[in-house]
Amino acid sequence: MMPAMLDIRFIRDQENLVRERLAARGRGDEVVIGQLLARDQERRRLLQECETLKSQRNAVSKQVGALKSKGQDASALMAEMKQVGDKIAALDLQVAELENQNLPALLTIPNLPHATVPTGKDAADNPEVRRWGTAPKFDFKPQPHWDLGEKLGILDFSRATKIAASGFILYKGMGARLERGLINWLLDLHTREHGYTEVFPPFLINRASMIGTGQLPKFEEDMYRLRDDELYLAPTAEVPVSNIHRDEIFRADELPRYYCAYTPCFRREAGAAGKDTRGMIRVHQFDKVELIKFCHPDTSYDELEKMVANAERVLQLLGLHYRVVLLCTGDMGFSSAKTYDIEVWASGQDKYLEVSSCSNCEDFQARRANIRFKDADGKNRHVHMLNGSGTALARLFVALLETYQQPDGSVKLPDILAPYLGGQTHIQAR
RNA sequence: GGAGAGGUGGCUGAGUGGUCUAAAGCGGCGGUUUGCUAAACCGCUGUACGGGUGAAAACCUGUACCGAGGGUUCGAAUCCCUCCCUCUCCGCCA
């Protein structure tokens with residue numbers, strides 16, 4: 001049986017808590033609990049009956065073997081067991097059917113929000129946790145990145161549409177160089193200074209991995225899927241990297257494990273039509289450097305704070321104004337128990353843009369992906385898994401252009417990026 | 001893409017229809033011996049899902065698991081079918 005995200009035993013033992021925490025998300029996920037538990041109870045009853053019969057069959061079959069080896073007749077026992085075998089087959093079928101009926105519900109129930117997550121309806125209820133720097137002041141009217149980028153000849157939206165479709169980006173010249181430089185800088189930062197191990201995973205993902213991290217089966221329509229193979233384009237490096245250790249058991253001393261990875265991210269953005277249509281705020285393909293942690297359950301909330309700090313450091317080093325918000329119960333992602341978003345200031349649009357989302361999924365993904373560790377008394381327990389953007393590139397690119405734009409429409413980038421841009425930090429029209 | 005070989009516990013590896021309750025070895029854990037270490041010797045050994053006892057730690061018990069899924073049989077690691085993966089060689093290719 002496929003491991004479910006919430007342990008059915010936990011739901012059984014903590015029914016009220018589960019109902020209450022699901023209700024806090026405000027999506028009505030708790031309504032399936034009653035039926036889930038009823039089926040589970042029936043399943044266990046049938047299972048017990050079935051296993052008793054199997055036990056009987058095992059014993060009698062052994063007798064048959066013994067009789068036959070002595071050359072005695074065993075046909076009566078064999079006929080009797082034939083009957084028992086039919087009953088067992090029928091019961092096996094019923095048990096499997098009940099499991100199959102419960103599986104979709106188990107796989108589509110979201111994670112329970114942590115007790116420290118504020119209850120709320122949507123993004124408007126997300127409390128701001130802190131703010132770093134201040135929004136830059138201009139003595140001219142700052143332009144949005146789509147104007148800056150086109151005029152500088154570093155972004156080309158219409159030709160990207162010609163090549164692919166709307167919602168794709170063509171970077172050119174210093175634009176392409178900046179994108180590549182940022183990827184390298186971010187990987188260097190997190191590996192050299194924050195202790196992460198760099199990995200470069202496949203960009204095509206199989207179904208089992210997509211289920212492991214929670215993208216499937218519920219969000220199939222958000223994913224790009226290949227027609228001829230059961231493979232999906234990675235929506236985030238979280239998927240391939242988290243699945244590195246699927247079906248594995250860590251020794252306790254192997255935790256925590258930190259990984260970071262660059263991948264392009266492919267998202268259909270189904271249902272987002274008409275939102276953020278200008279520029280590169282919401283696109284079907286963007287680059288991202290992702291941070292992933294596997295850790296002991298006791299330390300996962302400390303690890304979450306550290307991960308957020310690692311992502312914030314990116315913006316601090318680039319001198320970009322940002323704020324950190326704590327997502328409320330109604331705004332959190334499917335797999336997460338607690339999420340911080342980091343939003344960078346985009347001067348040209350006079351608003352904050354989400355560039356990072358750092359989540360503690362606790363054991364939700366570990367349960368689905370069957371990732372465990374052996375604890376001090378030799379028991380296997382599920383690890384806690386965290387993921388966070390460190391950071392998304394497209395919106396970081398946007399914030400850099402809009403924050404560091406000059407009156408003449410050129411852009412002066414922070415010096416820290418110079419080594420990654422061949423020493424050239426001033427992007428001018430040419 | 002073609003041909004061949006294979007997939008068994010943490011690892012190596014035996015096992016071709018009936019004490020397989022999976023041999024043996026390695027590793028690991030515990031113990032004995034011992035100035036210490038090593039060696040030797042003895043014992044133990046996986047996962048999942050149920051049921052029972054207990055305040056609990058635990059203990060007792062059943063079932064399933066030999067790549068995955070079906071089938072045959074009273075009984076399957078073993079026989080049959082489908083699929084997946086690995087290795088070797090060939091072809092093709094950045």
Side-chain angles (χ1 to χ4, degrees), chain A residues 1-14 36-103 105-107 200-212 216 226 228-232 240 243-255 363-383:
Chain A
M1 176 177 167
M2 175 96 46
M5 66 143 272
L6 285 184
D7 188 357
I8 186 72
R9 279 173 306 187
F10 182 78
I11 300 176
R12 212 186 284 157
D13 296 341
Q14 305 283 339
L36 206 57
L37 288 176
R39 285 204 197 102
D40 177 60
Q41 193 175 4
E42 176 68 357
R43 181 190 72 92
R44 280 181 293 141
R45 189 182 70 76
L46 294 173
L47 187 63
Q48 214 177 326
E49 193 180 327
C50 185
E51 289 187 347
T52 305
L53 290 175
K54 281 180 178 170
S55 175
Q56 185 191 348
R57 181 178 68 181
N58 287 347
V60 173
S61 291
K62 205 168 280 187
Q63 285 177 36
V64 170
L67 286 174
K68 285 203 163 185
S69 67
K70 285 186 235 158
Q72 296 175 345
D73 175 54
S75 54
L77 287 178
M78 283 164 63
E80 189 188 337
M81 284 307 101
K82 174 91 180 142
Q83 302 285 314
V84 171
D86 291 344
K87 267 192 226 164
I88 289 172
L91 285 169
D92 272 340
L93 202 68
Q94 288 181 61
V95 169
E97 207 168 295
L98 286 166
E99 283 176 2
N100 286 336
Q101 283 170 1
N102 267 357
L103 189 58
L106 283 168
L107 286 175
F200 197 98
F203 300 163
L204 296 184
I205 313 289
N206 64 30
R207 201 176 161 80
S209 296
M210 294 288 274
I211 288 174
L216 295 182
L226 301 198
D228 295 330
D229 301 277
E230 191 74 49
L231 291 169
Y232 299 78
N243 277 282
I244 288 174
H245 295 294
R246 179 151 49 86
D247 296 320
E248 292 185 12
I249 301 174
F250 289 103
R251 295 193 314 269
D253 64 7
E254 292 176 309
L255 298 176
D363 66 357
F364 182 91
Q365 294 177 323
R367 195 177 298 285
R368 294 170 74 110
N370 193 28
I371 304 174
R372 295 169 292 174
F373 72 101
K374 213 168 262 301
D375 75 5
D377 48 2
K379 287 213 171 131
N380 292 335
R381 298 175 60 191
H382 290 99
V383 298

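Per chain, numbering begins at 1; letters A, B, ... match sequence-line order. None of these values were measured; they are calculated from a predicted model.
A:Tyr232 pairs by the ring pair (Phe, Tyr, Trp, His ring centres under 6.0 Å) definition with nothing, not counting sequence neighbours. Under the rule for a side-chain hydrogen bond (donor to acceptor under 3.5 Å, both in side chains), the partners of A:Asp253 that lie at least two apart in sequence or sit in another chain are A:Arg251. Partners of A:Arg44 under the side chain to side chain contact (heavy atoms under 4.5 Å, CB included) rule, at least two apart in sequence or in another chain, are A:Arg12, A:Asp40, A:Gln41. Taking A:Gln101 as the reference, A:Arg39 meet the side-chain hydrogen bond (donor to acceptor under 3.5 Å, both in side chains) condition, with sequence neighbours excluded. Partners of A:Phe10 under the ring pair (Phe, Tyr, Trp, His ring centres under 6.0 Å) rule, at least two apart in sequence or in another chain, do not exist in this structure. The side-chain hydrogen bond (donor to acceptor under 3.5 Å, both in side chains) search around A:Glu248 returns A:His245, not counting sequence neighbours. Residues meeting the salt bridge (charged side-chain N to carboxylate O under 4.0 Å, His left out) test with A:Arg9, sequence neighbours left out: A:Asp7. A search for side-chain hydrogen bond (donor to acceptor under 3.5 Å, both in side chains) contacts involving A:Asp92 returns A:Lys54, not counting sequence neighbours.
Identified under the salt bridge (charged side-chain N to carboxylate O under 4.0 Å, His left out) test for residues 72-84 of chain A, with sequence neighbours left out: none.
A:Arg367 has its CZ atom 13 Å from the C1' atom of B:rA48, to the nearest Å. Atom C1' of nucleotide B:rA68 and atom CZ of A:Arg246 are separated by 13 Å, given to the nearest angstrom. Per the geometry, CZ belonging to A:Arg372 stands 10 Å off P belonging to B:rG10, to the nearest Å. Distance A:Lys379 NZ to B:rA57 P: 7 Å, rounded to the nearest Å. A:Asp40 has its CG atom 11 Å from the C1' atom of B:rC49, to the nearest Å. What separates CD1 of A:Ile249 from C1' of B:rG9 is a distance of 12 Å, to the nearest Å. Rounded to whole angstrom, the span from the CZ atom of A:Arg39 across to the C1' atom of B:rG50 amounts to 20 Å.
Residue contacts shown for A:Arg207 are absent, as no nucleic acid heavy atom lies under 4.0 Å away. Using a 4.0 Å heavy-atom criterion, one finds that A:Arg251 contacts no nucleic acid atom at all.
For RNA chain B, the residues of residues 64-83 of chain A within the heavy-atom distance limit of 4.0 Å (strictly under) are A:Val64, A:Gly65, A:Lys68, A:Met78, A:Met81, A:Lys82, sorted by number.
Applying the 4.0 Å criterion to OP1 and OP2 of B:rG51, one finds that A:Arg45 has every side-chain N and O outside that range.
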Please produce a list of atom pairs where a protein N or O lies less than 3.5 Å from an N or O of nucleotides 43-46 of chain B.
none

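B:rG17 and B:rG69 have their P atoms separated by 24 Å, given to the nearest Å.
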B/S/- along nucleotides 60-66 of chain B (protein heavy atoms under 4.0 Å) is --BBS--
